[in-house]
Amino acid sequence: MANKIHITTARKMIDAGDPVDLWTWAADGRVLHYKNCVGLRYNFRSGTRQVKLLDSRQIRTLRDVCLFKINDIEIFL
């Protein structure tokens with residue numbers, strides 16, 4: 001298994017519709033871990049995407065450039 005993947009591969013994994021685990025940075029520098037979530041929408045202009053957390057049914061918006069890990073695989077730009 002690869003230790004690192006490119007952001008485009010991570011986007012494809014999120015858009016595939018299968019549940020994934022995401023690690024991202026918040027605006028204040030905290031690390032957020034979203035478990036068991038699926039991608040809903042992607043906004044190309046703002047670089048944000050909406051994901052749905054399947055356990056709590058919450059919808060969160062996050063920036064793609066703030067993603068640094070998906071399913072324990074590092075993401076690079």
Side-chain angles (χ1 to χ4, degrees):
M1 182 179 253
N3 292 337
K4 297 178 184 178
I5 58 172
H6 194 262
I7 187 72
T8 56
T9 307
R11 287 178 182 153
K12 290 177 187 176
M13 290 172 67
I14 296 170
D15 292 338
D18 297 328
V20 294
D21 291 347
L22 297 173
W23 284 263
T24 185
W25 287 295
D28 58 356
R30 291 179 296 137
V31 173
L32 302 174
H33 181 202
Y34 297 126
K35 296 179 183 177
N36 200 19
C37 61
V38 293
L40 297 177
R41 286 186 198 101
Y42 176 66
N43 187 342
F44 180 75
R45 288 185 173 225
S46 63
T48 60
R49 75 172 55 246
Q50 289 185 339
V51 295
K52 182 175 185 177
L53 306 176
L54 296 178
D55 297 334
S56 64
R57 297 183 180 167
Q58 293 179 350
I59 296 176
R60 300 292 174 107
T61 302
L62 52 98
R63 295 183 53 86
D64 276 358
V65 295
C66 293
L67 288 172
F68 67 92
K69 200 184 277 191
I70 183 170
N71 291 342
D72 290 328
I73 304 170
E74 267 189 66
I75 299 172
F76 65 90
L77 299 177

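The basis for the numbers below is simple: all heavy atoms, side chains too, and nothing from hydrogens, waters or symmetry mates.
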With sequence neighbours left out, write down each residue that passes side-chain hydrogen bond (donor to acceptor under 3.5 Å, both in side chains) with [X], or none if nothing qualifies.
X     : result
Asn36 : Asp55
Asp18 : none
Ser56 : none
Thr48 : Ser46

Pairing residues for Ala27 by the side chain to side chain contact (heavy atoms under 4.5 Å, CB included) criterion, not counting sequence neighbours: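 Per chain and number, Ala27 pairs via side chain to side chain contact (heavy atoms under 4.5 Å, CB included) with no residue.
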For Phe76, side chain to side chain contact (heavy atoms under 4.5 Å, CB included) partners two or more places apart: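 Partners of Phe76 under the side chain to side chain contact (heavy atoms under 4.5 Å, CB included) test: Lys4, His6.
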Distance from [X] atom [atom1] to [Y] atom [atom2], nearest 0.5 Å?
X     : Y     : atom1 : atom2 : value
Cys37 : Asp21 : SG    : CG    : 7.0 Å
Leu40 : Arg60 : CG    : CZ    : 13.0 Å
Lys52 : Arg57 : NZ    : CZ    : 6.5 Å

Sequence neighbours excluded, every pair satisfying salt bridge (Lys or Arg N to Asp or Glu O under 4.0 Å) that has a member inside residues 29-49: Asp15-Arg49, Asp28-Arg30, Arg49-Asp64
Residues that, via side-chain heavy atoms closer than 4.5 angstrom, fall in one hydrophobic cluster with Val38: Leu54
Hydrophobic cluster (4.5 angstrom, side-chain heavy atoms) - remaining members for Phe68: Trp23, Trp25, Val31
Verify same cluster id: Ile59, Leu62 (apolar side-chain graph, 4.5 Å): no
Hydrophobic cluster identity match, Ile7 and Tyr34, side-chain contacts under 4.5 Å: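 Yes, because Ile7 and Tyr34 connect within a single hydrophobic cluster, where side-chain heavy atoms sit under 4.5 Å apart.
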Close side-chain approach of Leu22 to Ile14, heavy-atom, < 4.5 Å: yes
4.5 Å side-chain heavy-atom contact, Asn3 and Ile73: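 The answer is no; the side chains never approach within 4.5 Å.
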Grab the two heavy atoms, one from [X] and one from [Y], that are nearest each other, plus how far apart they are.
X     : Y     : value
Val51 : Gly39 : CG1-CA, 4.1 Å
Ile70 : Ala10 : CD1-O, 4.0 Å
Thr24 : Arg63 : OG1-O, 4.5 Å
Met13 : Val20 : O-CG1, 4.2 Å

